[in-house]
Protein chains: 2
Amino acid sequence: MGTKLTAKGRATRSRIVEGAAEVLRERGIAAATLDDIMARTSTSKSQLFHYFPTGKDELLLAVARFEADQVLEDQQPYLGRLDSWEAWEQWRDVVIERYEKQGDTCPLGSLFLQIGRSTPGARAIVTGMLHRWQESLAAGVRALQAAGELPADLDVETRAASLLAAVQGGVSILLSTGRSAHLRAAVDQGIADLRRAGQAPG
Amino acid sequence: MGTKLTAKGRATRSRIVEGAAEVLRERGIAAATLDDIMARTSTSKSQLFHYFPTGKDELLLAVARFEADQVLEDQQPYLGRLDSWEAWEQWRDVVIERYEKQGDTCPLGSLFLQIGRSTPGARAIVTGMLHRWQESLAAGVRALQAAGELPADLDVETRAASLLAAVQGGVSILLSTGRSAHLRAAVDQGIADLRRAGQAPG
DNA sequence: CGCACAATGGACTGATGGGTCCACTGTAGT
DNA sequence: ACTACAGTGGACCCATCAGTCCATTGTGCG
């Protein structure tokens with residue numbers, strides 16, 4: 001990591017990561033080979049090992065980082081500003097659209113299944129992303145509390161956690177079945193129940 | 001499939017499937033090899049290809065079927081009789097216990113990620129299991145309606161779908177992080193919101 | 001201009017692992 | 001008991017693919 005990279009080097013490195021991400025999405029983690037990545041990114045094997053000396057796992061880890069950042073970025077600006085019911089609905093739309101477009105490829109899921117529990121870094125990436133995601137949702141709930149839309153004694157963390165789980169579950173089922181009905185149902189129901197919590201205290 | 005199997009043959013075949021399931025859970029799908037399975041089940045390569053002529057994918061498919069059945073079986077008898085709030089709570093306990101015990105290994109998820117969209121049969125297995133699961137949940141909600149615990153105009157399918165997504169999401173996060181907090185939060189919240197729907201109509 | 005080192009090309013290797021083949025043994029049915 | 005075929009053992013083959021090595025080209029810098 002401490003290796004010096006020139007401007008050209010940095011460009012090549014990110015070209016590799018982004019190209020690898022594409023290949024992984026298309027071919028799937030199991031089928032994707034270094035040669036596929038070389039072909040896609042117009043690089044040679046020595047370049048791959050120049051930028052990722054440890055080999056494939058290191059590259060996959062870099063791709064995982066890239067994809068994890070992408071997940072949250074794609075939900076902006078709404079995820080960062082959930083301070084009205086309108087914002088929540090718009091966030092909902094973005095999430096559903098994003099995952100419907102993604103279809104049945106799960107870059108992150110398959111990635112960390114491959115390197116998964118074997119390496120410590122992989123789990124940290126996913127955990128960190130989920131944590132930031134949930135924090136944003138929790139901030140949104142708190143914003144609604146501040147706006148008087150939700151009671152102050154609401155269990156914010158549990159709500160945020162179950163909303164996050166709703167999205168994850170919907171995506172998970174989308175990946176399995178190819179249909180987004182569950183994602184829609186889960187997110188809609190989650191927001192609806194949150195809304196109802198503002199009307200009937202409990 | 002139409003091949004004749006003697007009692008001995010059937011025994012060997014299921015020994016292979018169950019042993020393979022163990023190996024896949026331990027090693028993970030990516031690392032598990034036919035040799036691992038041979039070692040675990042005390043079989044030879046010719047046996048593997050005798051019972052699964054097409055090769056590895058056919059074996060993995062059989063394991064997927066086995067695991068899918070297991071998932072639903074493990075939730076019985078509660079999942080089949082969700083006609084009171086007590087039954088729902090007991091089902092909740094069983095689900096959480098089951099997945100906490102399973103930990104961060106996801107036999108089904110990884111299995112169909114490997115063969116996934118490539119083969120048509122794989123998706124059918126998961127889809128079928130999810131469908132039966134959701135049907136049981138929907139039946140439970142209807143039972144509560146019949147018992148007067150829930151209003152008759154409740155959208156049963158959406159509730160069932162989002163409950164299923166809640167479980168899936170919780171499990172998915174459990175797999176990623178190793179912590180079951182989200183599973184608990186999502187299922188508890190889901191049941192709590194269902195309960196509240198019985199008090200404040202909407 | 002020239003040195004040091006980054007960047008690149010691509011042939012080669014070595015091991016892994018799925019799949020094949022044939023020979024041998026057990027067993028069910030007549 | 002014999003015969004046909006299921007069941008079993010294990011050596012062998014071969015494609016694939018991650019990883020190595022060295023030679024060559026490009027680039028920043030004093």
Side-chain angles (χ1 to χ4, degrees), chain A residues 1-20 23-24 26-64 110-111 113-116 118-119 122, chain B residues 1-20 23-24 26-64 110-111 113-116 118-119 122:
Chain A
M1 267 303 177
T3 335
K4 293 157 200 163
L5 289 184
T6 68
K8 195 179 182 185
R10 259 174 282 121
T12 302
R13 203 196 116 103
S14 57
R15 196 176 79 239
I16 291 174
V17 172
E18 288 167 33
V23 171
L24 291 177
E26 290 171 16
R27 294 267 204 288
I29 182 97
T33 74
L34 292 187
D35 293 278
D36 291 332
I37 297 171
M38 284 161 55
R40 171 67 58 104
T41 61
S42 305
T43 51
S44 65
K45 199 155 259 184
S46 60
Q47 281 172 288
L48 259 47
F49 283 85
H50 180 66
Y51 295 105
F52 307 95
T54 316
K56 196 181 189 183
D57 282 0
E58 191 179 352
L59 170 56
L60 291 181
L61 218 60
V63 174
S110 49
L111 267 171
L113 260 170
Q114 172 89 359
I115 31 184
S118 51
T119 74
Chain B
M1 268 306 171
T3 335
K4 294 157 199 164
L5 289 184
T6 68
K8 196 181 183 185
R10 259 174 282 121
T12 302
R13 201 195 118 104
S14 57
R15 197 175 79 240
I16 292 175
V17 171
E18 287 166 34
V23 170
L24 289 176
E26 290 171 18
R27 293 267 204 287
I29 182 95
T33 73
L34 292 187
D35 294 276
D36 291 332
I37 296 171
M38 284 160 56
R40 171 67 56 104
T41 61
S42 304
T43 51
S44 65
K45 199 156 259 186
S46 60
Q47 282 173 287
L48 258 47
F49 282 85
H50 181 66
Y51 294 106
F52 306 94
T54 316
K56 197 182 190 185
D57 281 0
E58 190 179 354
L59 170 56
L60 292 182
L61 219 58
V63 174
S110 50
L111 267 171
L113 260 170
Q114 172 88 0
I115 33 185
S118 52
T119 75

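- Scanning atom types as modelled, one donor and one acceptor separated by under 3.5 angstrom connect the side chain of A:S46 and the base of C:dG9.
- At the phosphate of C:dA7, neither OP1 nor OP2 sits under 4.0 Å from any side-chain N or O atom of A:K8.
- With hydrogens and angles left out, the side chain of A:K45 and the base of D:dG19 share a donor-acceptor pair within 3.5 Å.
- Nearest to the side-chain atoms of A:L34 among the listed nucleotides C:dG18, D:dA18, C:dT8 stands D:dA18.
- Summarising the geometry, the separation between CE on B:M38 and P on D:dA11 is reported as 10 Å, rounded to the nearest angstrom.
- In summary, the side chains of A:T43 and A:Q47 do not present any donor paired with an acceptor at a separation below 3.5 Å, with no hydrogens or angles considered.
- With a 4.5 Å cut-off on side-chain heavy atoms, A:Y51 and A:L5 count as touching.
- In this structure, CZ of B:R13 is placed 17 Å from C1' of D:dT8, rounded to the nearest angstrom.
- Whole-Å rounding puts the A:I37 CD1 to D:dG19 C1' distance at 14 Å.
- Per the geometry, CZ belonging to A:F49 stands 10 Å off C1' belonging to D:dC17, to the nearest Å.
- Nucleic acid contact for B:S44: base, since at least one base atom lies under 4.0 Å from a heavy atom of the residue.
- Contact annotation: the side chain of A:T41 never approaches that of A:V23 to less than 4.5 Å [non-hydrogen atoms, C-beta and beyond].
- To the nearest angstrom, P of C:dG17 lies 15 Å from CG of B:L59.
- Residue B:Y51 places at least one side-chain N or O closer than 4.0 Å to OP1 or OP2 of D:dT8.
- The CZ atom of A:F52 sits 14 Å away from the C1' atom of C:dA7 (whole-angstrom rounding).
- Between B:Q47 and D:dG7 there is no side-chain polar atom (N or O) within less than 4.0 angstrom of OP1 or OP2.
- Residues B:I37 and B:L59 have side chains in contact (heavy-atom distance under 4.5 Å, counting atoms from C-beta outward).
- Rounded to whole Å, atom P of D:dG9 lies 12 Å from atom NE2 of B:H50.
- Side chains of A:L60 and A:L24 form a contact here, defined as non-hydrogen atoms less than 4.5 Å apart.
- Separating the CG atom of A:L48 from the P atom of D:dT20 is a distance of 13 Å, rounded to the nearest angstrom.
- A sub-4.0 Å separation between OP1 or OP2 of D:dT8 and a side-chain N or O of B:T43 is absent.
- The side chain of A:T6 places an N or O atom within less than 4.0 Å of a non-bridging phosphate oxygen (OP1 or OP2) of C:dA7.
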